[in-house]
Amino acid sequence: MSNIPKTYEPKKFEKEIYAAWERDKNFHTTADAPGAPFCIVIPPPNITGQLHMGHALDETLQDILIRWHRMKGDNTLWMPGTDHAGIATQAKVEESLRAEGTNRYELGREKFLERVWQWKEKFGNRISYQLRTLGSSCDWERERFTMDAGCSAAVRKVFVQLYNEGLIYRGRRITNWCPKCNTALSDIEVEHVDEQGHLWHLRYPFKDGSGYIEIATTRPETMLGDTGVAVHPEDERYKNLVGKTLILPLVNREIPLFADSYVDKNFGTGAVKVTPAHDPNDFEMGLRHNLEQVKVINNDGTMSDGLGKYSGLDRYTCREEIVKDLQAGGFLVKVEDHLHAVGHCSRCHTTVEPLISKQWFVKMETLAAPAIEAVKSGELKFVPERFTKIYINWLENIRDWCISRQLWWGHQIPAWYCDDCGETIVSETDVDECPHCHGKNLRREEDVLDTWFSSALWPFSTMGWPNETPELKKFYPTSVLVTGYDIIFFWVVRMVMMGLKFRGEVPFRHVFIHGLVRDELGRKMTKSLGNGVDPVEIIDKYGADSLRFMLVTGNTPGNDLRFYRAKVEAARNFANKIWNASRFLLMNLEGFDKNFRPTKDDLELADKWILQRLAYRIETVTENLERFELGEAARQLYELLWFNFCDYYIELAKTRLYGSDPRAKSTVLFVLTTILEGGLRLLHPFMPFLTEIIRQKLPNAQGSIMLAPWPKVDELKDFLDANDGTNDAADLIFNAVKIIRNLKSELGIDSRKKTAVVLKADDATDKKILAENLRYLTDLAFAEPITFAEEKPAHALSGLVDGVEIFLPLAGLIDTEKEIARLKKELDKLKNFSASTAAKLQNERFLSKAPAQVVQSEREKLSAAEEKISSLEQRINQLENL
RNA sequence: GGGGUUGUAGCUCAGAUGGUUAGAGUGCCUCGUUGACAUCGAGGAGGUCACAGAUUCGAGUUCUGUCAGCCCCACCA
């Protein structure tokens, strides 16, 4: 029988296995295949760069669910693809152009886009390749891109319909503007960061010379655009001043003092300067009071023309100049330190400038209502549930979505402006004549759409929508969306809204949320910190299976997890353990008859025990997968395969394996292969490569493991008997093993050295179990010879398990005092426990209110403890009288 | 300002619907290389489950409050 190398070296086989899966079309899905649909659409990675640890986690979770369902026999589709990532990708390409000494404007729109497509080709492929190295079992034949023809058609259709329904509109509004990216941003693309700034107190004189009013501002440079000063209508300090005219310092513009309830009486001086063109609140107030909008800051962050010496200055340089000039003019009262939140571009971290410009918006309120309802009704569920609150809270306070971006890379907005009659035409197909005036002077809107607009359609645009494809019918709504909590607002809510709007159904039944992967110190992995760990490098060194296993164990849904190498190594060691257990089995397969099936009578305690363990884990692992508790499922498999199978069963199997009874050997081989093969299938979703390569070598399996059936308890039913006492018996034996090992260690005896053991069992059942399985004590604890005694030997170390006393007789004298001290310590512990249990059992209320089962088990515990106590006391007595 | 979340062994984390004497990985200490595995085996030390109350026969687990950390949302200039 073929054998495998001594150590687990994933690098030697992972690539090959993946290639074989792909070659054999194991990932392939058709809509008309049998089985209930199970579908996940991948959160499309950006084509900006390469796979990072966050992707590795996201893909691993998805692949586990996908592989599990595929094995379960569901018609399983994992739709792969990538995202064009408008701003981010454009910025990357512009960066590389800068390195070449040119820029996009020199290149022109068309040439520039060619460059971006080249970039897409390169990095999109790299991402797909890296997903493969992780083992992701996507249906690659269906790979999509947010800007491919199908997605583009979907985008156009959605845009036009929303426009026609009045849900998309174009308006001149104040929006967040990034002076560096040179584009508008939506509200959620702005990150607010607390910054230590200043609060400048300024005095604005009244026109009539009757003094001045003091205002406070954090942005003095915007005063050039002030067109009013506001106070609260009920502010006694200013009540009778409202309506007066002020002279704006430095500019000498006449501006009104008016009242608006927006103003907070308690902040600053209670009087606020109003700059409608550069502050969202001032903009609103400006509309309410018909104030002029004076734009003083350009899109690039410099000061506008017509501002005299300030024109052309950078906004922050200008601030310094203004402050200087205000001070010189006697308008500056004082400067205070002030901590306040400042908006930054989430992409480049430049301070955002609120500016007035013409942008396209999506009206959110009518779209949001059904999205809220879908979650409230339970049609869509978040895992963990707590995220529903965040989701609903956000949707209930939603504001219109600015979807136009002044970029080139993205879906160009399908709108045309007629220069002849001023008409705006929005159309799914390109337009070359104005339907209104038949003029030919049409200009296409240059702006592109926010990246998330196309991402929002991903669950159905990838399935062929707007055509009613078989895929759409079969797989929509998809089953689960797996994503990080950081993009719930960006993506999840928008997919839900668009899915409900255009398909009339939620895009997915469950949203499975995971946390962020952090570094060993708990910090976010970022480029600026340089603390990112490259998954490709980890895979190269430890294997994809180890990385995957590490990413799912030891964490719970929705919580962040820390990445540290020791954890990957632990996972790798687990893989190596399985590797070697398999190696052991493979080297002992001689004489294996794959048609042999033992009868129940052939099975001994260890066989029945391990088969029951497997059956139990089939149940609990499946349950945990159903609950999305992948970490717990993985933990249980670790326990089954390492502790139960390797540490106990394999050791116990050796005697019969090397023995002379052929039927016993056949039986043990059957059990070994059954457990390993079943365990591999359970483990396959987590560690696909390792389980595949090993299972292919097993004589009791055929075909790819990824297409093998998910284990069922039913497979083992011939060997299971829930009430045969197997577990109690196994507990007794294994506890006895522990005690013998323990005593040996206490005496400094080599754990593998054969040591005589004396047993004293008063209970007939216990005695029978021990007598039938003495070999296990020899195999696991190297106890030999083992004898039964009615009396406690004098010179011996002793231990207790259930009702059984275990002695290690000593040839020479034992250190009696030390042994007494040890036993007394144990006695104390037992007495404490028995006292508290006894107290519990004397408590009337416990007896009357606790379930009978609990009371009963407490009684049993107490009597067991009392038995042990008396036995220990006897023993101590005996030793003291020596 | 609102909301969320975390606080369990030196470190990183599990402990679903409250019920054995609270677990794992890693680190540490002792011992062990006669063919599955030193990426290993055996044993050990190490925890008043942040703190204070409440509910309950019973709380690491439920509730309230306090302290500490992290995160998200938010138009106080």
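Just so we're clear, the structure is a prediction, and the values are computed from it rather than from any experiment. Per chain, numbering begins at 1; letters A, B, ... match sequence-line order.
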May I ask which nucleotide in the shown strands pairs with A42(B), Watson-Crick or G-U wobble, both distances under 3.5 Å? U30(B)
From the list C71(B), C57(B), A77(B), which nucleotide is the closest neighbour of the side chain of F267(A)? A77(B)
Check whether D187(A) reaches the backbone of W401(A) with its side chain - one donor and one acceptor, N or O, closer than 3.5 Å. no
Select base, sugar-phosphate, or nothing to describe what H338(A) touches, counting heavy atoms under 4.0 Å on all strands. sugar-phosphate
Flag the pair R219(A) and E221(A) as a salt bridge only when some basic side-chain nitrogen lies within less than 4.0 angstrom of an acidic carboxylate oxygen. yes
Is a donor-acceptor contact shorter than 3.5 angstrom present between the side chain of K577(A) and the base of C37(B)? yes
R399(A) side-chain N/O to C75(B) phosphate OP1/OP2 under 4.0 Å: yes
Would you mind telling me which residue lines up with the more 5' stretch of RNA chain B, D187(A) or V263(A), judged by nearest nucleotide? D187(A)
Main chain of R562(A), side chain of K567(A): is a donor-acceptor contact present, judged purely on distance under 3.5 Å? yes
For G1(B), which nucleotide in any strand shown is its Watson-Crick or wobble partner with both distances under 3.5 Å? C73(B)
Does NZ or CZ of K654(A) lie under 6.0 Å from the centre of the six-membered ring of F584(A), at an angle within 45° of the ring axis? yes
On the side chain of E651(A), is there an atom forming a donor-acceptor pair with the base of A36(B) - under 3.5 Å, no angle test? yes
Identify, between F584(A) and K849(A), the residue whose nearest nucleotide on RNA chain B lies closer to the 5' end. F584(A)
Stacking check F833(A) vs U21(B) (5.5 Å / 30 deg): yes
Does A52(B) have a Watson-Crick or wobble partner in any strand here, with both distances under 3.5 angstrom, and which is it? U64(B)
With a 4.0 Å cut-off on heavy atoms, is K753(A) in touch with a base, just the backbone sugar-phosphate, or nothing at all? nothing
Whole-Å gap separating C1' (C76(B)) and CD (E336(A)): 14 Å
Under 4.0 Å between a side-chain N or O of K389(A) and OP1 or OP2 of G4(B)? yes
Identify the nucleotide, in any strand shown, that forms a Watson-Crick or G-U wobble pair with C13(B), with both distances under 3.5 Å; if there is none, say none. G23(B)
For F574(A), answer base if it contacts any base atom (sugar-phosphate contacts may also be present), sugar-phosphate if it contacts only those atoms, and nothing otherwise; contact means non-hydrogen atoms under 4.0 Å. nothing
